[in-house]
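Please read the structure below before turning to the comments.
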There are 2 protein chains.
Amino acid sequence: MSGAIQSLSRAAAILRLLAGGERRLGLSEVATGLGLAKGTAHGILRTLQQEGFVEQDPDSGKYQLGAELLRLGQSYLDVHELRARALVWADDLARAAGETVYLGVLHQRGVLVVHHVFRPDDSRQVLEVGSMQPLHATALGKVLLAYDPVARGELGDGPWEAFTPRTVTEPAALDAQCALVRERGWADAVEETWEGVASVAALIQDRRRNPVGAVCVSGAVETVCEGGAVRPSLVASVRTAARAISRDLGAHRF
Amino acid sequence: MSGAIQSLSRAAAILRLLAGGERRLGLSEVATGLGLAKGTAHGILRTLQQEGFVEQDPDSGKYQLGAELLRLGQSYLDVHELRARALVWADDLARAAGETVYLGVLHQRGVLVVHHVFRPDDSRQVLEVGSMQPLHATALGKVLLAYDPVARGELGDGPWEAFTPRTVTEPAALDAQCALVRERGWADAVEETWEGVASVAALIQDRRRNPVGAVCVSGAVETVCEGGAVRPSLVASVRTAARAISRDLGAHRF
DNA sequence: GACCACCGGTCGGCCATGCCGACCCCACCT
DNA sequence: AGGTGGGGTCGGCATGGCCGACCGGTGGTC
């Protein structure tokens with residue numbers, strides 16, 4: 001893994017910077033934010049703009065992300081094999097469970113949601129495809145951590161952010177949970193990310209048993225849990241769906 | 001508009017190439033596809049991979065788009081001012097019309113869908129945010145063309161692709177339609193893109209009356225049309241929504 | 001099973017390329 | 001009017017990235 005192309009890495013850093021700040025950023029802000037000379041930052045921004053990755057507000061001259069990113073992100077989903085195979089299973093799972101279903105993959109130090117099926121009722125819900133969830137505080141994340149030592153290593157020793165009083169923030173506790181996940185074959189997270197929300201997740205593997213993602217059912221504690229624990233029928237549904245997707249992934253390869 | 005950074009433009013071309021081909025591409029395919037030396041293409045791909053914009057299949061060594069693009073695409077939507085202000089209006093419009101609602105902006109030579117509200121029934125629908133629609137064959141596109149001479153110029157002289165027998169493929173006919181759009185203040189497209197589908201669109205402007213996007217209601221001909229023409233009540237709804245969004249955009253600026 | 005063609009990947013030298021910092025112009029505020 | 005900060009430009013310097021020759025592995029073919 002030898003050197004990277006400087007200007008490209010810098011361009012990526014600029015895009016991430018623009019994605020991070022909620023508002024638009026000016027040229028000087030970008031330059032100082034990354035420790036670049038103004039001229040350098042401008043050259044990169046100009047090129048990114050020509051390519052459609054960045055847009056500039058004509059009034060203020062400030063920069064924000066561009067539409068091409070949305071288009072390419074959509075293309076990513078189109079090509080994504082795991083997602084394509086999981087679509088129908090996720091749908092069935094949501095209907096059977098009567099709850100929201102997420103499909104997540106490991107990305108950087110979090111879980112990237114690549115598919116999201118709304119809870120099958122008529123309530124207003126926002127699509128969360130493309131958003132990130134924390135590894136240590138969600139069922140999806142704990143499944144991926146349990147089966148991916150590299151990801152666990154990269155997460156470090158914490159303590160991690162506590163979103164609720166029940167969030168696991170210490171390495172010893174998290175590793176114990178991961179061991180339990182491996183033993184049982186599924187993970188849960190009851191009010192560890194949001195108050196009142198509980199979820200169950202199971203691993204998806206490719207043909208060579210490599211972990212490639214996870215499915216998860218998520219909903220209100222009152223409907224997902226029963227007597228303090230996750231309803232066994234839900235666990236069964238999630239694990240069945242995960243196995244079905246894994247099998248599906250293995251098949252079409254030969 | 002002086003020179004662009006070579007390596008960045010090339011990286012963008014590679015991403016677009018990967019987005020275009022449905023399947024994964026090998027290093028050599030990328031290199032020859034863009035007329036680059038293998039070493040050069042490899043350097044760019046390596047960097048893109050480190051940044052998460054490209055992923056490599058461990059087995060075949062072939063490349064595909066990476067997850068970071070999805071995340072950034074989502075961030076684009078988060079920041080997008082037009083979309084944020086239009087969310088609630090689009091929702092209302094879909095409920096009132098009982099049909100699908102799209103919100104589109106001009107991007108390259110097409111319409112990029114930045115928001116999509118499902119038709120309010122329980123049918124299975126796929127989210128089309130991030131996908132592109134042709135300018136000459138959709139209501140959204142014709143609105144944007146009618147009010148943006150630059151876009152019209154870039155589209156050239158056709159003849160354009162005919163998706164159905166009713167698609168407008170000749171410049172004279174299209175320009176006449178655009179004139180009509182400007183005169184009436186709205187555009188329609190009845191079975192010009194897909195058989196059996198009709199839509200109505202109206203322009204969204206910012207505070208300085210610049211065209212920034214368009215809203216559109218789309219549905220089956222049988223429900224959208226009445227006696228061969230689009231139902232007037234639908235036209236009114238769409239135009240009202242467009243005006244509301246435009247007003248909303250003008251407000252919060254000062 | 002030996003060959004071959006082609007794959008992805010590496011390396012080092014040469015030189016074009018992109019980086020930098022000083023500079024410009026404009027808008028806004030003092 | 002002057003000052004301060006914004007975005008944007010420019011040209012010289014040297015560094016960073018391009019190229020083409022070169023590896024090692026793999027899958028197909030005869």
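Here is how names work: the chains are called A, B, and so on, in the same order as the sequence lines, proteins then strands, and each is numbered from 1. Note that the structure is predicted; figures quoted are calculated from it, not measured.
Summarising the geometry, the separation between CD1 on A:Ile44 and C1' on D:dG17 is reported as 14 Å, rounded to the nearest angstrom. Taking atom CG of A:Leu27 as the reference point, atom C1' of C:dC23 lies 15 Å away to the nearest angstrom. One can place CG of A:Leu34 at 13 Å from P of C:dC19, the figure rounded to the nearest angstrom. Atom NZ of A:Lys62 is separated from atom C1' of C:dA27 by 13 Å (rounded to the nearest Å). Following rounding to the nearest Å, A:His42 (NE2) and D:dG8 (P) show an atom-to-atom distance of 5 Å. Atom CG in B:Asp57 sits roughly 17 Å away from atom P in C:dC7 (whole-Å rounding). Rounded to whole Å, the distance from CZ on A:Arg46 to P on C:dC19 is 10 Å. Distance CD (B:Gln56) to P (C:dG8): 9 Å, rounded to an integer number of Å.
At the heavy-atom level, A:Glu29 lies nowhere under 4.0 Å from the strands shown.
Between the side chain of A:His115 and the backbone N or O of A:Val215 there is no donor-acceptor pair closer than 3.5 Å.
Once rounded to the nearest 0.5 Å, the distance linking CD of B:Gln74 with CG of A:Leu69 reads 12.0 Å. A:Arg109 contributes atom CZ, which lies 11.0 Å from atom CE of A:Met132 (distance to the nearest 0.5 angstrom). With rounding to the nearest 0.5 Å, the separation of CG in A:Leu87 from CD1 in A:Ile245 is 9.0 Å. Rounding to the nearest 0.5 angstrom, the gap separating the CD atom in A:Glu68 from the CG atom in A:Leu48 is 11.5 Å. With rounding to the nearest 0.5 angstrom, the CG atom of A:Asp78 is 12.0 Å from the CD atom of B:Gln64. We find the CG-CG distance between A:Leu106 and A:Leu140 to be 11.0 Å, quoted to the nearest 0.5 Å.
Along DNA chain D, the nucleotide closest to A:Leu8 and the one closest to A:Ser28 are compared, and the more 5′ of them pairs with A:Ser28.
Distances shorter than 4.0 Å separate some side-chain N or O of A:Ser7 from OP1 or OP2 on D:dG17.
Among the nucleotides C:dG9, D:dC18, D:dG8, the one closest to any side-chain atom of B:Tyr63 is C:dG9.
Under the 6.0 Å cut-off for aromatic ring centres, A:His42 and A:Tyr63 do not qualify, their centroids lying 6.0 Å or more apart.
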N/O contacts under 3.5 Å, protein versus nucleotides 19-23 of chain D?
unit_1 : atom_1 : unit_2  : atom_2 : d
D:dC19 : OP2    : B:Thr40 : OG1    : 2.5

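B:Ser199 is not listed as a side-chain neighbour of B:Thr138, based on a closest heavy-atom distance of 4.5 Å or more.
End-to-end axis angle of the helix from C:dG1-D:dC30 to C:dT30-D:dA1, using five pairs per end and rounding to 10°, comes to 40°.
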